[in-house]
Amino acid sequence: MEGLDPRRFGLVCAATALVAGAAVAGCAQQVEGIATPNAAEATSYREYASSSSAAATSSQIAAARDKAISDNCTLFPGTTGVGVSKYNEFVDAHDNDAPDYDAKRDGAVTALEDAAKQVEGGVNTAGPQLPEELRTKFVAYVDSARALAQATREMTYTSPVGPLNDASKRVNDARNAVRDACPK
């Protein structure tokens, strides 16, 4: 019995592959025409993509706004509370002719100015993400705290207290307006 000749076997396999390939290629049919997208589906997809992108952007804007509100409202009571405490210590020193009157006055001025600076910094950092209505209330506090710091700086034992009391009332009103506007 004679064995298979590897060269002959390879030739038979190659010929079989050519015949099968020609048969498959002969069965293929070319489609005539020009490829065009389905206009309705393309429009629908573009609208979906656009609305999805707008929703993502809207969500990012809302998250930035919420963070700006939270950052500023959370820090506000503590930041301004120091100024209130130091101012009240000054008032007590003034009312009691305390020997540390000047130190209490200067401490109140510094604390009020620091509070105004910190609140202003928070508002500036938040930028346009902080809603305008809330921004206005924070700025009103900053302005009134600086005015109270100036009125406090000018106080002596013999100064009239009317301007100081007016400036103090404006600070209290501004603090309350911010606290009322901030989420609970």
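These numbers were taken from a predicted model, which means no experiment stands behind them.
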Participant: Start with the C-alpha gap between Cys182 and Leu134, add the side-chain angles, then the distance that decides, and say whether side-chain contact (heavy atoms from CB on, under 4.5 Å) holds.
Facilitator: CA-CA 8 Å; Cys182 283; Leu134 193 53; 4.2 Å; yes
Participant: Nearest heavy-atom pair of Val123 and Phe138: which atoms, and what distance?
Facilitator: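 Of all heavy-atom pairs spanning Val123 and Phe138, the closest is CG2-CB, 3.4 Å.
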Participant: Apply side chain to side chain donor-acceptor pair (under 3.5 Å) to Gln129 and list each qualifying residue two or more places apart in sequence or on a separate chain.
Facilitator: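 Checked Gln129 against side chain to side chain donor-acceptor pair (under 3.5 Å); zero matches.
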Participant: Mind listing the closest non-hydrogen atom pair of Thr152 and Ala108 along with its distance?
Facilitator: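 Looking at all heavy atoms of both residues, the closest pair is CG2-CB, 4.2 Å.
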Participant: Taking only residues two or more places apart in sequence, or in another chain, which ones meet Ser168 in a side-chain contact (heavy atoms from CB on, under 4.5 Å)?
Facilitator: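 Partners of Ser168 under the side-chain contact (heavy atoms from CB on, under 4.5 Å) test: Tyr87, Leu148, Asn172.
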Participant: Indicate if Val82 and Leu112 have the same hydrophobic cluster label, given that clusters are the connected sets of ILVMFWY residues with side-chain heavy-atom separations under 4.5 angstrom.
Facilitator: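 Different clusters.
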Participant: Identify the two heavy atoms, one from Ala111 and one from Gly83, that lie closest to each other, and give their separation to 0.1 Å.
Facilitator: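 In this case the closest contact between Ala111 and Gly83 is CB-CA, 3.8 Å.
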Participant: With hydrophobic residues grouped by side-chain heavy-atom distances under 4.5 Å, do Tyr101 and Leu164 end up in a single group?
Facilitator: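 Shared cluster, yes.
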Participant: Report whether Val91 and Val161 are members of the same hydrophobic cluster (ILVMFWY, side-chain heavy atoms less than 4.5 Å apart, transitive linking).
Facilitator: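 Yes, Val91 and Val161 fall within the same hydrophobic cluster.
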Participant: Report the residue from Val139, Asp114, Thr80 that forms a side-chain contact (heavy atoms from CB on, under 4.5 Å) with Val119.
Facilitator: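 With Val119 as partner, side-chain contact (heavy atoms from CB on, under 4.5 Å) holds for just one option, Thr80.
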Participant: If you round to the nearest 0.5 Å, how far is CD of Glu120 from CG of Asp143?
Facilitator: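 Rounded to the nearest 0.5 Å, the CG-CD separation comes out at 8.5 Å.
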Participant: Rounded to the nearest 0.5 Å, what separates atom OG1 in Thr110 from atom NZ in Lys117?
Facilitator: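 Taking OG1 in Thr110 and NZ in Lys117, the distance rounds to 9.5 Å.
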Participant: Provide the closest heavy-atom pair for Pro163 versus Pro160 in the form atom of the first, atom of the second, distance.
Facilitator: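 The answer is CD-O, 3.7 Å.
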Participant: Report the C-alpha distance between Arg170 and Asp166 in whole Å, list the side-chain angles of each, state the deciding distance to 0.1 Å, and finish with yes or no for salt bridge (Lys or Arg N to Asp or Glu O under 4.0 Å).
Facilitator: CA-CA 6 Å; Arg170 284 192 297 274; Asp166 292 343; 5.2 Å; no
Participant: Starting from the C-alpha separation in whole Å, work towards a yes-or-no answer on side-chain contact (heavy atoms from CB on, under 4.5 Å) for Arg179 and Lys184.
Facilitator: CA-CA 8 Å; Arg179 283 195 311 243; Lys184 307 303 179 243; 5.9 Å; no
Participant: Does any N or O in the side chain of Ser70 come within less than 3.5 Å of the main-chain N or O of Asp66, such that one atom is a donor and the other an acceptor?
Facilitator: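 Absent.
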Participant: Less than 4.0 angstrom from a charged side-chain N to a carboxylate O is my criterion; do Glu132 and Lys137 meet it?
Facilitator: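 No, Glu132 and Lys137 are not salt-bridged.
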Participant: Step by step, work out the side-chain contact (heavy atoms from CB on, under 4.5 Å) result for Arg105 and Glu154.
Facilitator: CA-CA 9 Å; Arg105 180 192 60 216; Glu154 295 170 359; over 6 Å; no
Participant: Contact between Leu130 and Arg65 at the side-chain level, heavy atoms closer than 4.5 Å - yes or no?
Facilitator: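 A side-chain contact is absent here, since even the closest heavy-atom pair is not under 4.5 Å.
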Participant: Can you tell me how the ring of Phe76 sits relative to the ring of Tyr141, calling it parallel under 30°, perpendicular over 60° and tilted otherwise?
Facilitator: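 Ring orientation of Phe76 relative to Tyr141: perpendicular.
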Participant: As an exercise, state the distance from NZ of Lys67 to CG of Asn72, rounded to the nearest 0.5 Å.
Facilitator: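 Answer rounded to 0.5 Å: 9.5 Å.
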Participant: Is there a side-chain contact between Phe90 and Ser85 (heavy atoms, below 4.5 Å)?
Facilitator: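 In short, these two side chains do not touch, never coming nearer than 4.5 Å.
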Participant: Quick one: CG on Asp100 to CD on Glu89, what's the gap to the nearest 0.5 Å?
Facilitator: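 The CG atom of Asp100 sits 9.0 Å away from the CD atom of Glu89.
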Participant: What closest approach, in Å, do Gly107 and Lys86 show between heavy atoms, and which atom pair accounts for it?
Facilitator: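 That would be O-CB, 3.9 Å.
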Participant: Please tell me whether Val109 and Met155 are part of a single hydrophobic cluster in this structure, the criterion being side-chain heavy atoms less than 4.5 Å apart.
Facilitator: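 No; tracing contacts between hydrophobic side chains, which count when under 4.5 Å, never links both residues.
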Participant: Identify the two heavy atoms, one from Ala174 and one from Ser144, that lie closest to each other, and give their separation to 0.1 Å.
Facilitator: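 What the structure gives for the nearest pair is CB-OG, 3.5 Å.
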